[in-house]
Amino acid sequence: MEIKKKNVGAMLVGEWNTKTIVAVAIGAALFGVLMCYGGIPIFTNTSLTTAMIIPVIVGALFGPLPAMVCCGVGNVIADLIGGWGLWFDWSVGNAVMAFCVGLLPVYGANIKEGIFTAKHAVIYAVCCILGNMVAFGVITPIFSALFYGSDLNLTFLQALAATLGNTLVLVVVGIPILLVLANRYKSRTNLKEDKGDQY
Amino acid sequence: MNNKLVINFVPGPTPVHKLAGSTKMLIFLLFTAAIIATFDIRVIAALMIVPIIAIISMRPNYKPLIVLLSVMLVTTGVIGSIMLLIVSPDTGFSHVGGSTIIWQASEKLFITRETLWYLLVTMTKRVASFLTVMMFALATTPSEFASGLAFLHMPYKVCTIVSLAYRTIPDIASKFIDIRNSMQMRGVELSKKASVGKRLKATGQLLIPLIMSSFGRVESIANAMDLRGYGRLKTRTWYAEHELTNLDKILRIAAIFFGAAILFYIVYFRIINPYPAEMWCPFIAKEDIIAKSQFEDIFFLKWFNK
């Protein structure tokens with residue numbers, strides 16, 4: 001069976017049907033709640049947060065743009081219920097980071113069909129590190145200094161802490177979750193090799 | 001968890017609660033923009049008046065507000081200030097435009113008057129931002145939030161995402177409590193009797209069923225929405241958007257003037273005729289300010305210059 005290849009643009013945008021919308025909304029709510037109550041603080045304004053699992057799942061199942069919207073909205077919600085004021089700089093940073101994390105389907109790690117190999121895991125880890133560096137090393141400090149007059153040295157240190165913490169969570173927790181998800185979806189497809197002689 | 005939340009799900013009785021969602025959104029965004037635009041402590045202090053009046057007029061439950069405010073003051077205020085003093089004690093120089101040492105322990109650890117002023121200004125900015133967010137969060141229900149976003153011409157799918165996410169938070173909280181109770185029924189110790197490490201590990205184990213069951217509901221919610229014809233048409237009307245009250249009309253006219261004032265402030269005081277330093281400070285006369293770029297201070301750029 002030949003699967004028709006989608007072009008990269010369509011993959012980046014993802015399929016925006018009702019299911020995606022609901023999944024992104026629930027992901028955003030979970031992201032917000034976990035951001036507020038599911039973190040271990042490691043530095044000012046940053047923590048080793050379990051919320052980072054959410055963009056991995058949403059990105060794997062629905063693509064990068066849904067993951068991006070999910071984290072952007074999720075961070076705004078975290079700001080609203082956490083009550084530390086609205087920090088657009090971190091929302092934008094998280095959204096960009098989630099976009100990079102959610103690139104999974106673009107390089108062929110199709111979790112919905114159970115495809116996730118060692119090669120994909122390596123690309124995923126590289127994407128996580130690069131995405132975090134771009135998001136928290138470049139975008140967030142710029143907005144932070146421009147909007148809120150934060151001290152650049154402290155912001156860069158925070159960015160470093162956020163990058164390390166997020167990458168740790170994304171790689172150490174994310175890859176096993178992706179494997180589990182891929183296995184779950186694989187067992188639901190009927191494309192099994194016939195092993196009649198084992199009976 | 002529920003009593004910790006400040007966000008509002010039920011339409012309230014006071015005039016501020018009864019405003020249309022679009023007006024609330026407009027005022028919230030304008031105040032956020034104004035707080036972002038200015039570094040002048042006099043302007044920020046003036047901007048704090050309206051949120052304080054609005055919050056008092058809503059007669060909220062003050063307990064969670066005070067908890068949140070004190071958590072913010074301790075984490076970002078006290079710890080953040082100490083970190084800043086350790087990392088770059090001379091940051092006031094590039095922001096305020098001067099350096100007057102008032103206490104010195106060693107070459108790399110000292111306190112300048114300007115850095116303290118900088119800390120005061122950023123802290124005021126944080127508190128103002130906090131008050132604005134609280135004003136919005138206390139007044140707005142999820143549907144009003146969505147209708148306010150639709151008023152700003154956001155695509156309605158994004159509006160749905162926001163309102164659905166906002167509305168799901170109590171569900172997630174109750175589901176979390178359910179899962180925790182059932183784990184405790186099976187003998188997982190989550191009370192204070194167990195050690196901190198054990199409790200952390202057990203809480204980590206709670207997350208997987210929480211995430212799985214939350215995402216498991218996606219299908220049924222999506223089907224319910226599809227059955228009610230969601231997403232068939234290009235536009236959407238909002239149940240929460242009602243006719244404008246008198247206060248709405250007054251506030252919208254005020255918002256136009258306020259927006260114009262912000263624009264004028266940015267164009268005139270930040271671009272055409274900027275103050276020589278980023279922040280106004282009473283200790284330093286305008287003529288004495290030494291301009292210094294923030295970028296000269298970044299630690300890793302110094303390594304390259306060596």
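Because the structure is a prediction, the values reported are computed rather than measured. The chains referred to below are lettered A, B, ... by the order of the sequence lines, with proteins before strands, and numbering in each begins at 1.
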> Just how far is it from atom CZ of B:F130 to atom CG of A:D79, taken to the nearest 0.5 Å?
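Rounded to the nearest 0.5 Å, the CZ-CG separation comes out at 12.0 Å.
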> Among B:M225, B:E219, B:K157, which residue forms the greatest number of heavy-atom pairs with chain A at distances under 4.5 Å?
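Highest number of heavy-atom pairs under 4.5 Å: B:K157.
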> Pick whichever of A:V173, A:T18, A:I54 has the most heavy-atom pairs under 4.5 Å with chain B.
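Counting heavy-atom pairs under 4.5 Å, the top option is A:T18.
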> What distance separates B:D226 CG from A:K19 NZ, expressed to the nearest 0.5 Å?
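Answer rounded to 0.5 Å: 11.0 Å.
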> Do A:L61 and B:F215 make a side-chain contact, defined as non-hydrogen atoms from C-beta onward lying under 4.5 Å apart?
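A:L61 vs B:F215: side chains apart.
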> Anything in residues 20-32 of chain A with a heavy-atom distance to chain B below 4.5 Å? Please list those residues in order.
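The stretch touches chain B at A:I21, A:V22, A:A23, A:V24, A:A25, A:I26, A:G27, A:A28, A:A29, A:L30.
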> Can you confirm whether more than 12 heavy atoms, excluding those of B:R167, are under 6.0 Å from its CZ atom?
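Count not over threshold, so no.
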> Among A:L80, A:V76, A:V73, which residue satisfies the side-chain contact (heavy atoms from CB on, under 4.5 Å) criterion with B:Y166?
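Result: among A:L80, A:V76, A:V73, A:L80 is the only option passing the side-chain contact (heavy atoms from CB on, under 4.5 Å) with B:Y166.
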> Can you tell me which portion of B:S214 sits under 4.5 Å from chain A's heavy atoms? Options are side chain, backbone, both or neither.
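Looking at B:S214, backbone and side chain both touch chain A.
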> Heavy-atom distances under 4.5 Å only: say whether B:M135 touches chain A with side chain, backbone, both or neither.
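Answer is neither: B:M135 stays 4.5 Å or more from chain A.
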> Only heavy atoms, only distances under 4.5 angstrom. Which residues in residues 124-143 of chain A are near chain B?
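Against chain B, none of the residues of residues 124-143 of chain A fall inside the cut-off of heavy atoms under 4.5 Å.
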> Out of A:I177, A:I77, A:V69, return the one with the most heavy atom pairs under 4.5 angstrom to chain B.
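Highest number of heavy-atom pairs under 4.5 Å: A:I77.
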